[in-house]
Amino acid sequence: MVKSVTVRAPCSTANLGPGFDVFGLALDAFYDEVTVTKKGKGITIVSSDDIPLDPKKNTAGIVAKAMLDNFRKEGWTKYKNGIEIKIKKGVPAGYGLGSSAASAAACALGMESLFKTEKKWGARESRAYDLVYYAGLGEKASAGTVHYDNVAASLFGNFVIVNPNFLNHKYKVPVTTLDVEIDIVIGIPKIKVPKQKTKASRGVIPKTVKFSDASFNLANATMFVAKGGGNPSTFTYLRDAIVEPARKKMIPGFDQVKENAMKAGAIAFVISGAGPSVIAFSNYYKKGGVTAPKKIGAAMKKGFKSAKVDCDIVICKPSNGPKIVKIVK
Ligand code: HSE
């Protein structure tokens, strides 16, 4: 019998311009580590980080409960006791880097491995759809509503596309992946973010959109996918006429940071998920001893400085996805 499983899952960026709630990209920058153990009664959370310890308000707690309830309902386990979830946060919370999703994804994979349900979900594709569904439930804790873009990226790595409107089955969220090769420059402004920031920044999104803006986003999103994302120039399609204009007001110095990044050679520049982090995409090249990502990072820092805000710059590549780091039998 497996007693406990530890999983490490990457952070992610969502939306990527035109793909609101649909596109996600796993980032090789920060990781959460979650250990699920058959122990005690009910669901308990153990963590020394600043996260809710009430399992009903904790991302991973919500995921573990939903999965365990489902395993019992399906008759996949006779296990009657509880689950302890130990969470070590590596992903900064509230900065638009899929912090809650990393914990949710790690927990979902841990639960699957703990109860050996890999083969029970059905076909390989079906398993993926189920995992995205259950991990997405955890987003309710921070976003107030479920969204699947970040969890799918943390679950499968690299670039993902999810369909949150799949009507054929209530418990499945279709996901597909694209293999992208790109340099990523993350700008994390050092500003105070509210608790439940995603909920707040979903509140500023317009309730209605102009046809021309919808068409602009659709054209860019479909071109990006059709071109496969393999060639860095494809990233020029990551442009957004709908969400960015509304959310950029929450990011000090946004226009200047974007202008600086593009002038320094970025291929595209987007708000990372619900913000306030921003992301520039770049081709790697070296000129006068300075690499393009470094040059773009320095330009972004200057942009934030013009709004009197300091920021951290992190240069990374897409992440290959999560890893089971330990199994105790
Ligand atoms: N798609 C979500 C949003 C991602 O933009 O609200 C949150 O990280």
Side-chain angles (χ1 to χ4, degrees), residues 9-27 29-32 51 59-60 62-63 89 91-106 132-133 135-156 159-166 173-175 184 186-189 191 193-207 209 213-214 217-218 220-221 224-225 238-251 254 268-279 314 318-319:
C11 68
S12 59
T13 182
N15 305 336
L16 294 115
F20 180 75
D21 277 1
V22 174
F23 290 170
L25 176 66
L27 306 171
F30 306 104
Y31 289 79
D32 276 4
I51 54 170
T59 306
I62 295 172
V63 175
K89 293 296 296 177
V91 185
Y95 285 87
L97 295 171
S99 177
S100 51
S103 293
V132 174
Y133 168 78
L137 293 179
E139 293 287 27
K140 242 192 179 150
S142 67
T145 173
V146 297
H147 61 91
Y148 304 98
D149 39 8
N150 290 107
V151 292
S154 287
L155 278 167
F156 303 111
F159 195 99
V160 294
I161 303 159
V162 291
N163 180 357
N165 311 301
F166 188 53
V173 178
V175 58
I184 301 157
I186 315 172
I188 311 169
I191 56 173
V193 286
K195 292 237 169 211
Q196 290 213 313
K197 181 234 53 207
T198 303
K199 195 175 177 186
S201 52
R202 285 179 91 85
V204 305
I205 295 166
K207 301 275 178 291
V209 296
D213 290 344
N217 275 30
L218 182 65
N220 280 298
F224 179 82
V225 174
L238 297 184
R239 291 182 295 159
D240 167 26
I242 299 172
V243 181
E244 181 180 299
R247 281 186 171 167
K248 71 177 186 179
K249 295 171 192 143
M250 303 170 84
I251 305 170
F254 178 87
F269 184 89
V270 296
I271 297 176
S272 184
S277 295
V278 289
I279 293 204
V314 180
S319 165

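Heads up: numbering here begins at 1 and tracks the sequence. Note that ligands are numbered from 1 as they come in the structure, with each ligand's atoms numbered from 1 the same way.
Between the side chain of Thr198 and the backbone N or O of Ala274 there is no donor-acceptor pair closer than 3.5 Å. Judged purely by atom type and a 3.5 angstrom limit, Ser99 has no side-chain atom pairing as donor or acceptor with the backbone of Gly94. Between the Arg239 side chain and the Gly17 main chain, no donor and acceptor come within less than 3.5 Å of each other. Judged purely by atom type and a 3.5 angstrom limit, Asp32 uses its side chain to pair as donor or acceptor with the backbone of Val91. Listed for the Ser154 side chain is a donor-acceptor partner under 3.5 Å among the backbone atoms of Pro10.
For ligand 1, residues of the protein lying within 4.0 angstrom by heavy-atom distance are Ala14, Asn15, Phe20, Asp21, His147, Asp149, Asn150, Thr198, Arg202, Arg247, Gly273, Ala274.
Tyr95 pairs by the ring pair (Phe, Tyr, Trp, His ring centres under 6.0 Å) definition with nothing, not counting sequence neighbours.
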